[in-house]
Amino acid sequence: MHKRKIMENIYWMGAVDWDRRLFDSLIPLPDGTSYNAYLIEGSEKTALLDTVDPPMSGELMAQLGQVDKIDFIISHHAEQDHSGAIPRVLEQFPEAKVVVTTKAKGMLMDLLKIPENAFITVQDGETLSLGNKTLKFLYTPWVHWPETMVTYLQEDKILFSCDFYGSHIATSDLFVNDQGRVHEAAKRYFAEIMMPFRNTISRNMEKLRGYDIRMIAPSHGQIYDQPEWIMNAYRDWVLGNPHNVVVLPFVSMHGSTRQLVDHLTSALVDRGVRIELFNLAVTDIGKLAMALVDAGTIVLGAPTVLVGPHPLAAYAALLANALKPKAKFLSIIGSYGWGGKTVETLAGMIPNLKVEVLEPVLCKGVPSAPDFEALDKLAGTIAQKHKENGFR
Ligand code: FEO
């Protein structure tokens, strides 16, 4: 794709990765992604904001073939999907300086072996003039590594946010034209890489409140020319109360745990609690992560394999522990054959979750009447806890 004009002297560059289906060899990308770089031509200086993932650097270099000079490469984030092509850009524009936070400088020297004399470090709030355009750099740690910053283009009131507010979507549309689709993609993205850093992100959001932001140009997905809705969505995901929702990832080997799951589902629905089920044998882990953003309670459905939890259930526990959702309650249900330490093992895997653990329901073999009664009691407890906490 050729470079595309956003407004006078400001261009989208980069690459749309239509084929990519996995990020970090972990995160599913059902809709592909894009690596957005931006070119800002001031009256005196020209800046390139971020680059692209190394396998797609050819596309960026072809776009830069029509550019006479690059004075600054603004690197918001050291992760290679944005920084990886900096060495190639420096080969073509050796006079360019790489503008970074102090932390990013060391990371880029380690990751990409960029020489120290290629960098200019900027402090939080520092500005850089391109002549008739002024870049203001704001430190925004943990979106999504500790070194990240964003750039506010003062004259045009555009926030170049890199990962922050991004979404994994491959599309030829430059601007958001389907809010529903982007909302889902942005929420999935938030869940997978931002959710663990909610406290820091809320401070970053607070910091940006003082700026008149007319457009957000992230480095993944489409540009927000009406940014208010995505900023509001982030406020809900980061600061909002959990919802009246139980998220129940489960796996069942011979159907017994599935019986428990189905009974609890009905019991919760009868009590006015919404529930989202994820059969871990077939589920998209990204959808599970997205559901965890709103979950009031997490229930793990885990049969015992040998003496511990089924490995897929253990994986879900580790994932929830890594993502640190704001759920307030957790329980475990499952069937076992002759014994084991499923509950103790799973409980030991979730030290990051600040949850009250509700009485687990484990049954030997196929569940019977007392097990179903215990599930009804668990459903009642969850409904009551959600009500007391104002989950809606
Ligand atoms: Fe899109 Fe954290 O890199």
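These numbers come from the heavy atoms of this one structure, side chains and all, not from hydrogens, waters or symmetry mates. Whatever order the structure lists ligands and atoms in, that order sets their numbers, starting from 1.
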- With atom 1 (Fe) of ligand 1 as the point of reference, which N/O/S atom of Asp81 is the closest? OD2

- Message: Using every non-hydrogen atom in the two residues, find where Glu276 and Ala291 come nearest and quote the distance to one decimal.
- Response: OE1-CB, 3.7 Å

- Task: May I ask you to decide whether Glu356 forms a salt bridge with Lys385, counting only side-chain N to carboxylate O separations under 4.0 Å?
- Result: yes

- Considering only N, O or S atoms, which atom of Asp163 is nearest to atom 2 (Fe) of ligand 1? OD2

- Do any N/O/S atoms of His220 come under 2.8 Å of atom 1 (Fe) of ligand 1? yes

- Message: Looking at Asp294 and Lys187, is any side-chain nitrogen of the basic one under 4.0 Å from a carboxylate oxygen of the acidic one?
- Response: yes

- Task: Determine the interplanar angle of the Phe329 and Phe391 rings, folded into 0 to 90°, and report it as parallel if under 30°, tilted if 30 to 60°, perpendicular if over 60°.
- Result: tilted

- Note on the structure: Taking atom 2 (Fe) of ligand 1 as the apex, OE1 on Glu79 and NE2 on His77 give an angle, to 10°, of 100°

- Task: Confirm or rule out an N/O/S atom of His144, from backbone or side chain, lying less than 2.8 Å from atom 2 (Fe) of ligand 1.
- Result: yes

- Only one of Asp163, Asn36, Thr148, Asp53 passes side-chain hydrogen bond (donor to acceptor under 3.5 Å, both in side chains) with His82, and that residue is Asp163

- Message: I'd like to know: is atom 2 (Fe) of ligand 1 within the 2.8 Å range of an N/O/S atom from Cys162, strictly under that distance?
- Response: no

